[in-house]
Undergrad: 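Pasting a structure here, questions to come.
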Amino acid sequence: MIDFAALRKEFPILHQEVHGKPLVYLDNAATTQKPQAVIDAIVHYYGQINSNVHRGVHTLSQRATDAFEATRGKLQKLVNAAHEHEIIYTTGTTGSINLVAHGFRSLLGPGDEIVVSQLEHHSNLVPWQMLAQHTGATLRYIPIVADGSLDLEEAQRLLTPSCKLLAFNHISNALGTVNPVKQLTEWAHAVGACVVVDGAQGLPHRPVDVQDLGVDFYAGSAHKMYGPTGTGMLYGRTEWLEKLPPYQGGGEMISTVTMAQSTYAGLPFKFEAGTPNIEAVVGWGAALDWMNAIGMDALMAHEADLMAYGTERLKAIDGLVLFGTAPEKSAVLSFGFADLHPYDLGTLLDQQGIAVRTGQHCTQPIMDYYSIPGTVRASFAAYSNREDVDRLAVGVERALRMLR
Ligand SMILES: *Cc1c(COP(=O)(O)O)cnc(C)c1O
């Protein structure tokens with residue numbers, strides 16, 4: 001049994017007061033807090049190892065390279081990629097998706113279609129709009145239905161031989177909807193489309209097996225899974241990574257450079273130009289070890305309990321509307337009140353030491369669907385507990401008394 005109460009003690013940031021009240025941190029879909037093990041790994045890196053990677057024969061450079069590359073192996077295991085070179089380090093989910101979208105510039109043209117969903121974070125939407133603009137391809141949307149899941153019948157209709165690329169998220173950051181990745185991928189592959197999955201919320205909350213899911217690309221961010229900001233990964237199937245041109249030019253990504261031309265390095269380095277965020281990658285390795293020690297089954301059970309409890313507590317509040325009620329949901333409770341602006345509620349919660357996200361959550365098309373300016377979003381992580389949920393429910397009731 002995992003002692004989740006003890007595990008919470010490993011997060012120094014959680015043990016402070018905000019506006020004179022013990023902090024309740026429920027903004028985990030925006031970023032998670034970091035356990036001491038991750039903080040220690042970064043301090044150790046700068047105190048003992050710091051050096052540039054892949055460059056020197058000297059001992060420190062080799063140690064830095066080993067620590068940096070060890071995380072790649074851990075990520076390969078995490079998502080069950082067939083090869084370690086299929087894991088590309090990026091700046092995060094946004095960086096990963098832009099890498100793929102940029103690569104497709106030479107592969108698409110007028111008449112081709114890109115299918116995305118209405119459930120997307122802007123970072124899995126704007127790059128495809130830019131790609132469509134650049135190539136003349138057409139962007140089409142899988143709409144959502146009332147409970148915040150995708151309209152799968154419409155998805156099937158949109159997946160025709162004109163569709164060259166399908167992009168959607170594993171789990172919605174705004175509503176918590178868990179999408180049927182394997183099913184959508186099968187449909188897309190049946191018409192020959194490439195499948196890109198935004199896994200920013202998938203990696204922290206669900207087991208991911210890219211070979212079983214069959215996806216061509218899967219993107220994630222370290223900071224959403226107890227690791228540092230500024231680094232992330234792109235899993236890409238070898239055939240696709242070979243087909244795509246390099247994203248950025250510079251050091252690290254070349255094999256030979258003359259004044260006339262250059263040849264590119266093999267995978268994964270072809271996509272890793274310049275000095276990477278080494279300390280963040282090393283810290284991410286520590287975060288992966290930390291998550292593995294808990295295990296995804298225990299983590300999912302813990303979060304499912306909080307979701308059941310939180311849903312019940314929030315539903316009991318008069319006038320509260322819950323957005324996103326799909327049968328399979330992850331650790332997000334998004335809600336609002338017809339007569340209140342989410343920002344006002346969020347401000348009054350902050351005054352009680354409760355950190356939630358308010359607004360559109362980088363998913364404006366979802367808010368447009370519900371015709372609302374935004375929601376208040378409480379999202380859970382491993383260290384969240386029922387007391388956090390109680391504080392939230394009491395905090396909302398108190399805010400309502402002040403606002404009405
Ligand atoms: C956070 C998030 C992103 C963007 O991740 P960055 O780390 O900001 O690049 C994309 N999609 C989803 C679903 C997210 O939750």
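Order of appearance sets the numbers: ligands from 1, and atoms from 1 within every ligand. Treat the numbers as computed from the prediction; the structure is a model and nothing was measured.
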Undergrad: Report the residue from Asn169, Ile142, Ile171 that forms a side-chain contact (heavy atoms from CB on, under 4.5 Å) with Asn179.
TA: Asn169
Undergrad: Nearest to atom 10 (C) of ligand 1, what protein heavy atom do you find, and at what distance?
TA: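 Result: Ser123 OG, 3.1 Å.
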Undergrad: With respect to atom 13 (C) of ligand 1, which of Asn124, Thr91, Leu125, Asp198 exhibits the smallest heavy-atom separation?
TA: Asp198
Undergrad: Return the option from Ser172, Ser221, Ala219 holding the heavy atom at the smallest distance from atom 5 (O) of ligand 1.
TA: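 Closest candidate by heavy-atom distance is Ser221.
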Undergrad: Hey, which atoms in ligand 1 end up nearer than 4.0 Å to a heavy atom of Thr93?
TA: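 Answer, ordered by atom number: 5 (O), 9 (O), 10 (C).
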Undergrad: Checking Thr358 side chain against Tyr343 main chain: does a donor-acceptor pair fall under 3.5 Å?
TA: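 Absent.
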Undergrad: Do any N/O atoms on Gln201 end up under 3.5 angstrom from N/O atoms on ligand 1?
TA: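 Looking only at distances, the answer is yes, because the N/O contact criterion of under 3.5 Å is met.
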Undergrad: Among protein heavy atoms, which lies nearest atom 9 (O) of ligand 1, and at what distance?
TA: Thr94 OG1, 2.6 Å
Undergrad: Would you say that Phe168 contacts Val181 through its side chain, given a criterion of any heavy-atom pair below 4.5 Å between the two side chains?
TA: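 The answer is yes; the side chains approach within 4.5 Å.
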Undergrad: Under 4.0 Å from ligand 1, counting heavy atoms only, is it the side chain of Lys224, its backbone, both or neither?
TA: side chain
Undergrad: Answer yes or no: is there an ion pair linking Lys243 with Asp216, defined by an N-O contact shorter than 4.0 Å?
TA: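 So Lys243 does not pair with Asp216 through a salt bridge.
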Undergrad: Going by an N to O cut-off under 4.0 Å, is there a salt bridge joining Glu154 and Arg157?
TA: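 Yes.
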Undergrad: Taking the inter-plane angle between the rings of Tyr25 and Tyr383 on a 0 to 90° scale, is it parallel (under 30°), tilted (30 to 60°) or perpendicular (over 60°)?
TA: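 Tilted: the ring planes of Tyr25 and Tyr383 meet at 30° to 60°.
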Undergrad: Against heavy atoms of His223, which atoms of ligand 1 measure under 4.0 Å?
TA: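 Once the distances to His223 are compared, the set is 6 (P), 7 (O).
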